[in-house]
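Report on the following structure.
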Amino acid sequence: MSHTNNGFSVHSSAITDRGLNERRPLNEDSFLADNERRVFAVADGVGGAEAGEVASQTAVEVLDEAFRHQVDGADIEDLMELAIQRANASIHQMAQDHAKFSMMATTIVALHLQGQTATIGHVGDSRLYRLTPDGQLLRETEDHSVVEEEVRAGRMTPEQAANHPSKNVISRALGAEDDVEVDMKTIEVEDGTEFLLCTDGITRHIPDYEIRQLLIVNDDLGEVCTELKRRCFERGAEDNLTAVLVRVGNPIPADQRSEELERTISPETEAIHVPVAAAPADAEATATPAVNANPETPQFVPPSRIAFPGTPTTETAAIPSQPLNIDAPSRSGGASMLGRALIFLIVLGAIAGAFIAGRRYDGPIPFVSQTKATTETVPAVEPTPSPTDQALMKFETSRRELDRNPADWLAKQLPGGLAEQNIQNPLDSINPQFLYLYGRASLLTGNYEAAARAFEAAIARAKTDPTSENQTVVKEATLALAATTLKSEKERNQALTHFDEMLPKPATSSSP
C-alpha cells in the first residue's frame with residue numbers, strides 16, 4: 001500500500017500469522033496500517049486465545065478511532081498517549097467485569113508520521129526499529145520485560161537473560177493495571193527511512209543483524225514481510241507473529257548501502273545462542289523440532305507471555321523472586337571473605353533500597369499474598385493538593401456523578417448551571433468543563449447532535465485559555481467527539497437498514 005500526503009509518500013506492507021504452535025490455535029496479535037492517516041501499530045495480546053485477541057484488538061481500535069477523528073492542529077503526541085491510556089482503561093475494565101477476560105492484557109507499539117516527524121508510543125515488548133537512509137538499524141523502543149530491564153541496569157548479561165525463566169514476563173502492559181506509563185518519543189525522519197513494527201513472535205527468532213540485512217538488500221516491503229515469516233517458520237514459529245513495514249519517501253537502492261552490511265558487534269545485534277537443556281521444563285514445545293538439528297542455528301526459549309504486574313497465576317508464582325543477576329562466579333580464600341563482605345554490604349543496600357521503594361510504591365506487591373495482615377498500621381499523611389489538582393478532582397467527581405445517571409444530570413444540574421451562568425442555551429456557555437459535561441450527558445442519553453456541538457464548543461473555549469484544566473478538557477472532548485461521530489454513524493446506518501426492510505418489496509413476476 002502507498003499514499004502521498006504532506007509532500008512525501010508513505011508505503012507500507014504487513015503480515016500476521018498464528019505461527020506453528022498447536023497450543024496457540026488463534027492469532028492474538030492485531031495490527032493497524034493506515035497509509036492515508038499515516039498511523040501504524042502492532043499489539044500482542046496476553047491472557048489466552050480469546051482474551052488476548054480481545055485485548056489487542058481493543059487497543060488497535062481505540063487508537064484507530066482517535067486518529068480517524070482527530071481535530072486539525074491536535075497535538076499528535078498527546079493524542080496518541082491519551083488514546084493508549086484510554087485503551088488501557090477499557091481493557092482493564094473489561095478484565096474486571098468479565099471472568100473469562102480476567103487475565104487479559106496486551107502490548108502495543110504505535111507510529112504516526114506527519115511531514116518529516118515521527119511520533120512513537122510504546123508499552124510492552126513489541127518493538128519498533130528504524131533503518132536510516134545510510135543503513136543504520138536503530139531500535140527506537142526498549143522492552144518492558146523483567147530481564148531486559150535487568151540487562152539495561154547492568155545486573156544481567158544478554159546470555160543470562162536468554163536463559164532466565166522469567167525471560168518472557170513483561171513488566172508493563174495495557175490492561176494489567178488501572179493505569180499505565182506510556183513511553184512516548186518524537187523523532188525527525190529523512191526521505192528513504194524505513195520502520196519495522198513487530199511483535200516478539202518475530203524478534204525471538206530473528207536477531208537484529210538479520211533484520212538489518214533483510215531491510216537493506218530488499219527494496220520490496222512485501223518481500224521482506226514474506227521472508228520474515230519464512231524464517232520464523234523455519235525456526236519453529238513458537239508464537240503468533242506480526243510485522244508492519246513502513247517506508248517514508250523513495251527506497252534507497254540496495255547496492256547503494258550494501259557496503260554497510262558488516263555486522264555491528266554489540267549485544268543488541270549478536271544472536272544469542274540458548275542451549276536446548278537451558279529451557280524451562282514447563283516451556284511450550286515448538287511445532288518444528290527439526291530446528292534443533294543444526295547446531296549452528298540459534299535456539300530460543302519458548303514464550304510464556306505473562307503480563308506483570310497483575311493478578312498472580314500459577315505460572316507467575318513459579319518465577320523465582322531472588323535477584324535476577326544469577327550465576328555469579330564463586331571465589332575461595334581471602335577473595336571469598338572479601339566477596340562475603342561485599343555481599344553483606346549489597347544486602348544492606350538492597351534492604352535500604354527496598355525500604356525506600358516500599359515507601360514510594362503504593363500498589364500491590366508482586367508474588368506476595370495480599371491477604372496477610374500487617375503488624376503495624378502507620379497513618380498516612382495526605383499532602384494538600386494544589387489548586388490545579390483540586391480543580392481536576394472536582395471535574396472528575398462531576399463526571400463520575402454524571403455517568404451514574406446522565407438523564408438525572410440533565411434534569412437537575414443543567415437548569416442550575418444555566419441559571420448560574422445567566423444563559424438560556426447550554427452552547428452559549430464560556431465554561432469548557434460545563435460544555436464538556438453537557439456534551440457527555442447528551443452523548444450518554446443518545447442526543448448525538450447536541451453532544452457533537454457541545455464537544456466542539458468545549459474544545460474551542462478551552463483553547464482560548466490553555467490552563468492545565470482546559471488542556472485536559474481538550475483531550476477528553478477530542479476523544480468524546482470521535483466516539484460521538486462513530487455512534488451517530490452506526491445509529492444512522494441501522495436506521496437506514498431498518499427503513500429499507502420496511503419498504504414494500506417489488507412484486508416478482510413468475511413465468512407461466
Side-chain angles (χ1 to χ4, degrees), residues 1-15 31-42 63-64 67-68 70 72-81 108-122 126-142 183-198 202-203 206 208-228 242-264 266 268-269:
M1 297 184 294
S2 65
H3 185 77
T4 301
N5 204 338
N6 287 353
F8 67 92
S9 60
V10 175
H11 308 263
S12 71
S13 184
I15 194 165
F31 74 90
L32 171 64
D34 188 335
N35 283 8
E36 181 178 355
R37 297 175 182 84
R38 306 174 306 285
V39 58
F40 309 88
V42 300
L63 185 71
D64 181 40
F67 281 96
R68 189 177 297 276
Q70 74 180 79
D72 290 341
D75 187 303
I76 297 300
E77 186 171 348
D78 284 351
L79 180 62
M80 180 181 288
E81 182 175 9
I108 190 168
V109 60
L111 167 71
H112 181 271
L113 298 167
Q114 188 172 43
Q116 290 186 305
T117 300
T119 303
I120 301 166
H122 165 59
S126 295
R127 295 178 181 175
L128 185 145
Y129 295 89
R130 173 166 62 104
L131 183 74
T132 64
D134 62 357
Q136 297 183 60
L137 184 70
L138 306 173
R139 190 192 301 180
E140 297 291 354
T141 57
E142 292 184 340
D183 285 359
M184 298 298 303
K185 177 187 289 188
T186 301
I187 59 175
E188 294 297 318
V189 297
E190 304 173 73
D191 184 74
T193 299
E194 295 179 6
F195 295 93
L196 169 65
L197 298 81
C198 60
I202 297 286
T203 54
I206 305 178
D208 290 12
Y209 76 91
E210 285 191 36
I211 291 175
R212 178 172 177 246
Q213 290 173 347
L214 284 174
L215 293 176
I216 287 178
V217 302
N218 289 279
D219 296 332
D220 190 306
L221 300 182
E223 290 181 2
V224 177
C225 287
T226 301
E227 181 62 16
L228 288 172
T242 299
V244 175
L245 273 168
V246 185
R247 177 187 294 137
V248 178
N250 298 313
I252 305 297
D255 55 0
Q256 183 175 327
R257 340 186 250 205
S258 59
E259 66 275 8
E260 300 292 335
L261 277 176
E262 292 82 2
R263 281 182 55 184
T264 302
S266 73
E268 291 189 351
T269 56

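As a basis for the values below, the full set of heavy atoms in this structure was taken, side chains included, without hydrogen atoms, waters or symmetry mates. If you read the sequence from its start, that first residue is 1, and numbering goes on from there.
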If you measure from CG on Leu245 to CG on Leu196, what distance do you get to the nearest 0.5 Å? 5.0 Å
As an exercise, state the distance from CZ of Phe67 to CE of Met80, rounded to the nearest 0.5 Å. 4.0 Å
When you compare the side chain of Gln70 with that of Ile76, does any pair of heavy atoms fall below 4.5 Å? yes
Assess the residue pair Thr119 and Gln114 against the criterion (side chain to side chain contact (heavy atoms under 4.5 Å, CB included)); give the C-alpha distance rounded to whole Å, side-chain angles, the decisive distance to 0.1 Å, and a yes or no. CA-CA 8 Å; Thr119 303; Gln114 188 172 43; over 6 Å; no
Find out whether Ile120 and Thr141 are in side-chain contact, i.e. whether some heavy atom of one side chain is under 4.5 Å from a heavy atom of the other. yes
Looking at side-chain heavy atoms only, is the closest gap between Ile252 and Asp219 below 4.5 Å? no
Intermediate values then yes/no, side chain to side chain contact (heavy atoms under 4.5 Å, CB included), Thr203 and Cys198: CA-CA 8 Å; Thr203 54; Cys198 60; 3.6 Å; yes
With a 4.0 Å cut-off on N to O distance, would you call Arg130 and Glu194 a salt bridge? no
Between Glu36 and Arg68, is there a side-chain heavy-atom distance shorter than 4.5 Å? no
At what distance, to the nearest 0.5 angstrom, does CG of Asp64 lie from CG of Leu32? 5.0 Å
Side-chain donor or acceptor of Thr117 paired with backbone N/O of Glu188 under 3.5 Å: no
Assess, by modelled atom type and distance only, whether the side chains of Thr132 and Glu190 contain a donor and an acceptor separated by less than 3.5 Å. no
Quick check: closest heavy atoms across Cys225 and Ala243, and the distance to 0.1 Å? SG-O, 4.5 Å
Grab the two heavy atoms, one from Gly192 and one from Pro133, that are nearest each other, plus how far apart they are. C-CG, 4.3 Å
Salt bridge (charged side-chain N to carboxylate O under 4.0 Å, His left out) partners for Glu142, two or more places apart: Arg152
When every non-hydrogen atom of Ala14 is compared with those of Val244, the smallest separation belongs to CB-CG2, 3.9 Å
Correct closest heavy-atom pair for Leu111 and Leu128 would be CB-CD1, 3.8 Å
Check: Leu215 and Val224 side chains under 4.5 Å, non-hydrogen atoms: yes
Grab the two heavy atoms, one from Leu221 and one from His11, that are nearest each other, plus how far apart they are. CD1-O, 3.7 Å
So Phe40 and Leu63, side chain to side chain contact (heavy atoms under 4.5 Å, CB included) or not? Walk me through it. CA-CA 9 Å; Phe40 309 88; Leu63 185 71; over 6 Å; no
Looking at CG of Leu137 and CG of Leu214, how far apart are the two atoms once the value is rounded to the nearest 0.5 Å? 10.5 Å
Distance-only side-chain donor-acceptor flag, Thr186 / Glu77, under 3.5 Å: yes
Donor-acceptor under 3.5 Å (Lys185 side chain, Glu140 main chain): yes
Between Thr193 (side chain) and Val189 (backbone), is there a donor-acceptor pair under 3.5 Å? no
So CD of Glu227 and CD1 of Ile211: to nearest 0.5 Å the spacing works out to 12.0 Å
Lys/Arg N to Asp/Glu carboxylate O, Arg127 vs Asp208, below 4.0 Å: yes
Answer yes or no: is there a donor N or O on one side and an acceptor on the other, between the side chain of Asn35 and the main chain of Arg38, under 3.5 Å? no
Audit row: Thr242, Ile15, side chain to side chain contact (heavy atoms under 4.5 Å, CB included) steps and yes/no: CA-CA 6 Å; Thr242 299; Ile15 194 165; over 6 Å; no
Looking at every non-hydrogen atom in both residues, tell me the closest pair between Arg212 and Leu131 and how far apart they are. CG-CD1, 4.4 Å
How far does CD1 of Ile202 sit from OH of Tyr129, to the nearest 0.5 angstrom? 10.0 Å
